[in-house]
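Basis for what follows: all heavy atoms, side chains included, without hydrogens, waters or symmetry-related copies. All values derive from a computational prediction rather than experimental measurement.
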Amino acid sequence: QVQLVESGGGLLQAGDSLRLSCAASGRTFTSYPKAWFRQAPGKERELVAATNLSGGRTYYADSVKGRFTISRDNAKNLVYLQMNSLKPEDTAVYYCAASRRLGLVTAVEQYDTWGQGTQVTVSS
């Protein structure tokens with residue numbers, strides 16, 4: 001079993017930057033953290049960014065393209081989400097997710113392990 005722990009959330013103002021981190025522990029060879037989702041109050045959980053195991057391929061939701069960057073440090077079992085030019089609509093709980101698949105995965109049902117989430121609140 002893999003455990004994921006997110007960190008780095010906070011209260012920010014529009015235009016600020018923030019980096020989220022996701023640390024994986026446990027049987028990290030069975031499931032690989034490779035995506036960030038978010039869920040705002042009253043809304044469904046949505047995929048924000050994803051990467052494959054090597055980090056060579058990435059996916060971004062249209063709403064964050066050009067502002068967010070996903071990266072990983074496989075040696076440390078860490079995945080990051082750098083968020084720039086934050087907007088109030090980015091306010092949500094952000095979740096790190098892991099999948100057994102090695103490639104780029106965009107379907108939520110292909111993710112089998114989730115972190116507890118970290119709150120990001122952006123004020124205008």
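Counting only distance, with no hydrogens or angles, the side chain of K34 and the backbone of R101 share a donor-acceptor pair below 3.5 Å. Judged purely by atom type and a 3.5 angstrom limit, N77 has no side-chain atom pairing as donor or acceptor with the backbone of A23. At least one donor-acceptor pair closer than 3.5 Å links the side chain of R67 to the backbone N or O of S85. Side-chain atoms of S31 never come within 3.5 Å of backbone atoms of Q1 as a donor-acceptor pair (strictly under, hydrogens ignored). A donor-acceptor pair is defined here as one N or O able to donate and one able to accept, closer than 3.5 Å; no such pair exists between the side chain of Y95 and the backbone of T118. Under a 3.5 Å cut-off, the side chain of D112 and the backbone N or O of R100 do form a donor-acceptor pair. A distance-only check finds no donor-acceptor pair linking the side chain of T113 to the backbone of A98 [under 3.5 Å]. Side-chain N or O atoms of Y60 include one that pairs as donor or acceptor with a backbone N or O of I70 at under 3.5 Å.
Between the side chains of T91 and E89, no donor-acceptor pair is found at a separation under 3.5 Å. Side-chain contact, R38 with Y94: a donor N or O sits under 3.5 Å from an acceptor N or O.
Relative to the ring axis of F37, R45 does not place its NZ or CZ within 45° and under 6.0 Å from the centre.
Y32 and V105 are not part of a single hydrophobic cluster, where members link through side-chain heavy atoms under 4.5 Å apart. Residue V93 is not grouped with residue L20 when hydrophobic side chains (ILVMFWY) are merged at heavy-atom distances under 4.5 angstrom, including chains of intermediate members.
Looking at heavy atoms from C-beta onward, R72 lies in side-chain contact with T51 at the 4.5 angstrom threshold.
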Begin with the C-alpha distance, continue with both residues' side-chain angles, and end with the deciding distance and a verdict on salt bridge (Lys or Arg N to Asp or Glu O under 4.0 Å) for K87 and D90.
-> CA-CA 5 Å; K87 304 176 181 180; D90 294 320; over 6 Å; no
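Aromatic ring centres of F68 and W36: separated by at least 6.0 Å.
Across all their heavy atoms, V2 and A24 have their closest contact at CG1-CB, 4.3 Å.
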